[in-house]
Amino acid sequence: MGLGKSVEDIVRDATEALKSCGIDSPQHDSMVLLAFAASFGLSVSVNDIRTAMILGSSFESAFTRWNGSDELSLPQQAGDALDLFAKLLQRRIRREPLQYIVGHARFRFLDVLVGTGVFIPRQETELVVQAALDWLQRQKIGRPVIVDLCSGSGAIAVSVATEVPHARVYAVEQSERTIEWTRKNIQKNQARIDEIGSSLELIEGDATSVQTLQSLDGYSDVIICNPPYIPEREIPAQPEVRDWEPQQALYGGSPDGLRFPKRIIDRAATLLKVGGVLVMEHDILQGAALRNYALAQGYRNAQTEQDLTHRDRFLIASRQSQANTSQK
């Protein structure tokens, strides 16, 4: 790629390369990768790339403008940026997730650090968090105890701990590889957590075990969970999911994918205080089964809520009576 080549041509060629290998958002991904490659201690955005395309700028002239100077080393730096962009593009062509390549993903008000070994937070899970926060607001609980089971990147736990003042939040994650990402995201947002008087404790353990957080049994106001739930018989078609994201964060442990979500319902029933609520994401075909299972385990008002595409996406259920703690 030559420095004199226009930004528009660079993006167009990259877009064609990504489109040819089946990527759904080739132009967007191309612009994100180019902005990332051009950010040598700067903050080059997709909007900057788009503006350079509209102006018909060469990459060298755009790079000089982004730096705000005419240093003699800029052509070399611009060349290095294009070399890096070519390498990043090859990674995306191999269907490595865009979020892994750039090292972060947006989730609610957070910029979540992600990489190999951690599940990438999704937009639909933002609705799960919002449902829990709406419930807390209605209940007017002053210092709520909130547990994020299967925390992964920590996106749910950190969101709650940075948005709900004076909350006691616990994040449970078992995978040694994943928990490093959970820890990084907690540390990144610790100042904000402290600022609003909340706390966030990371627990390494099995989210379904009665031994994990046993001291909170009967004391938790809200359990939020995005568990593994993909049916084992339904392998994801997207290579980014199937080949890159951790298997233990995807599959629900049975052909119908219900084994692990049911175990979360069991564990949440003992953690919750009477009247406390479980908010749990699930597959679009699992709503009725999990709603009925929750009712059988002593929950009440079990409801299935939908995502932005009007598909069944998560369970909301309140604990009513002493839990049946038998593991399924």
Side-chain angles (χ1 to χ4, degrees), residues 99 103-115 117-123 125-137 139-209 211-228 246 248-249 264 267-268 270-273 276-281 314:
Q99 296 89 339
H104 62 93
R106 296 297 303 174
F107 186 83
R108 291 181 65 84
F109 305 106
L110 303 176
D111 190 47
V112 181
L113 302 174
V114 296
V118 68
F119 181 78
I120 299 167
R122 308 298 207 263
Q123 185 180 24
T125 308
E126 296 185 18
L127 299 177
V128 176
V129 174
Q130 190 61 51
L133 299 188
D134 289 345
W135 183 87
L136 281 170
Q137 189 172 37
Q139 301 303 311
K140 299 187 183 338
I141 300 172
R143 296 180 179 272
V145 175
I146 304 164
V147 178
D148 171 19
L149 297 176
C150 311
S151 191
S153 67
I156 291 175
V158 175
S159 288
V160 173
T162 55
E163 294 184 49
V164 181
H166 309 297
R168 288 171 54 198
V169 184
Y170 298 84
V172 178
E173 178 54 50
Q174 185 174 30
S175 166
E176 291 183 9
R177 193 176 188 189
T178 298
I179 206 168
E180 293 305 314
W181 292 104
T182 325
R183 189 171 289 113
K184 288 177 184 179
N185 282 303
I186 293 173
Q187 292 171 348
K188 180 182 179 182
N189 293 278
Q190 190 63 58
R192 173 58 181 167
I193 295 170
D194 295 340
E195 180 185 344
I196 65 172
S198 293
S199 64
L200 174 47
E201 183 176 349
L202 176 58
I203 307 297
E204 185 172 0
D206 180 356
T208 67
S209 171
Q211 305 300 319
T212 302
L213 289 180
Q214 195 168 22
S215 63
L216 290 184
D217 283 356
Y219 290 96
S220 304
D221 294 293
V222 180
I223 309 295
I224 312 176
C225 184
N226 181 17
Q248 68 269 26
I264 291 294
R267 183 68 190 108
T270 57
L271 282 168
L272 287 168
K273 61 176 60 173
V277 70
L278 165 66
V279 186
M280 183 181 71
E281 188 171 325
F314 59 97

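Values below: every heavy atom of this structure, side chains too, minus hydrogens, waters and symmetry copies.
Here the straight-line distance linking atom CH2 of Trp135 with atom CD1 of Ile224 works out to 10.5 Å at 0.5 Å rounding. Of the inter-residue distances, the one linking His104 atom NE2 with Lys188 atom NZ reads 8.0 Å to the nearest 0.5 angstrom. To the nearest 0.5 Å, atoms CZ (Arg183) and CD1 (Ile186) are separated by 8.0 Å. Interatomic distance, Ile196 CD1 to His166 NE2, rounded to the nearest 0.5 Å: 8.0 Å. From Asn189, atom CG reaches atom CG of Asp194 across 11.0 Å, with rounding to the nearest 0.5 Å. Between the OH atom in Tyr219 and the CG atom in Leu271 there is a gap of 12.5 Å [rounded to 0.5 Å].
For the pair Arg267 (side chain) and Thr212 (backbone), a donor-acceptor distance under 3.5 Å is present. Between the side chain of Ser159 and the backbone N or O of Leu110 there is no donor-acceptor pair closer than 3.5 Å. Between the side chain of Thr178 and the backbone N or O of Gly117 there is at least one donor-acceptor pair closer than 3.5 Å. In this structure, the side chain of Asn185 engages the main chain of Leu113 through a donor-acceptor pair within 3.5 Å.
Within 6.0 Å of atom CD in Gln214, more than 12 heavy atoms from other residues, nucleotides or ligands are found, so the atom counts as buried in its surroundings. Heavy atoms from other residues, nucleotides or ligands lying under 6.0 Å from CD of Gln123 number 12 at most.
Looking at every heavy atom in both residues, Ala249 comes nearest to Phe119 through CB-CB, 3.9 Å. In terms of heavy-atom proximity, Ala105 sits nearest to Val114 at N-CG2, 4.2 Å. Considering all non-hydrogen atoms of both residues, Phe107 and Arg122 come closest at CE1-O, 3.5 Å. Across all non-hydrogen atoms, the minimal contact from Leu149 to Val147 is CD2-CG1, 3.6 Å. Across all non-hydrogen atoms, the minimal contact from Ala157 to Val169 is O-CG1, 3.8 Å. Scanning both residues, Val164 and Ser198, for their nearest heavy atoms gives O-OG, 2.6 Å.
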| message | Could you go through Leu216 and Arg168, starting from their C-alpha distance and side-chain angles, then the distance that decides it, and tell me whether this counts as side chain to side chain contact (heavy atoms under 4.5 Å, CB included)? | response | CA-CA 11 Å; Leu216 290 184; Arg168 288 171 54 198; 4.0 Å; yes
| said: Using the rule given for side chain to side chain contact (heavy atoms under 4.5 Å, CB included), can you reason through Leu272 versus Val277, listing the C-alpha separation, both sets of side-chain angles and the distance that settles it, and then say yes or no? | reply: CA-CA 7 Å; Leu272 287 168; Val277 70; 5.7 Å; no
| request: Output, in order, the C-alpha distance, side-chain angles, deciding distance and verdict of side chain to side chain contact (heavy atoms under 4.5 Å, CB included) for Leu136 and Ile146. | output: CA-CA 10 Å; Leu136 281 170; Ile146 304 164; 3.6 Å; yes
| request: Could you please spell out the steps behind the side chain to side chain contact (heavy atoms under 4.5 Å, CB included) verdict for Phe314 and Thr125? | output: CA-CA 9 Å; Phe314 59 97; Thr125 308; over 6 Å; no
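Ion pairing of Arg108 with Glu163 is present here, as a side-chain N (NZ or NE/NH1/NH2) and a carboxylate O approach within less than 4.0 Å.
Looking at Val129 and Glu126, their side chains never come closer than 4.5 Å, going by heavy atoms from C-beta outward. Side-chain atoms of Asn226 and Val128, non-hydrogen and from C-beta on, never get closer than 4.5 Å to each other. Within the 4.5 Å cutoff, the side chain of Arg106 has heavy atoms near those of the Asp111 side chain. Side-chain contact check for Arg177 versus Pro246: every heavy-atom pair is 4.5 Å or farther apart.
Sorted by first and then second residue, the side-chain hydrogen bond (donor to acceptor under 3.5 Å, both in side chains) pairs with a member in residues 143-157 read Asp148-Ser151; sequence neighbours excluded.
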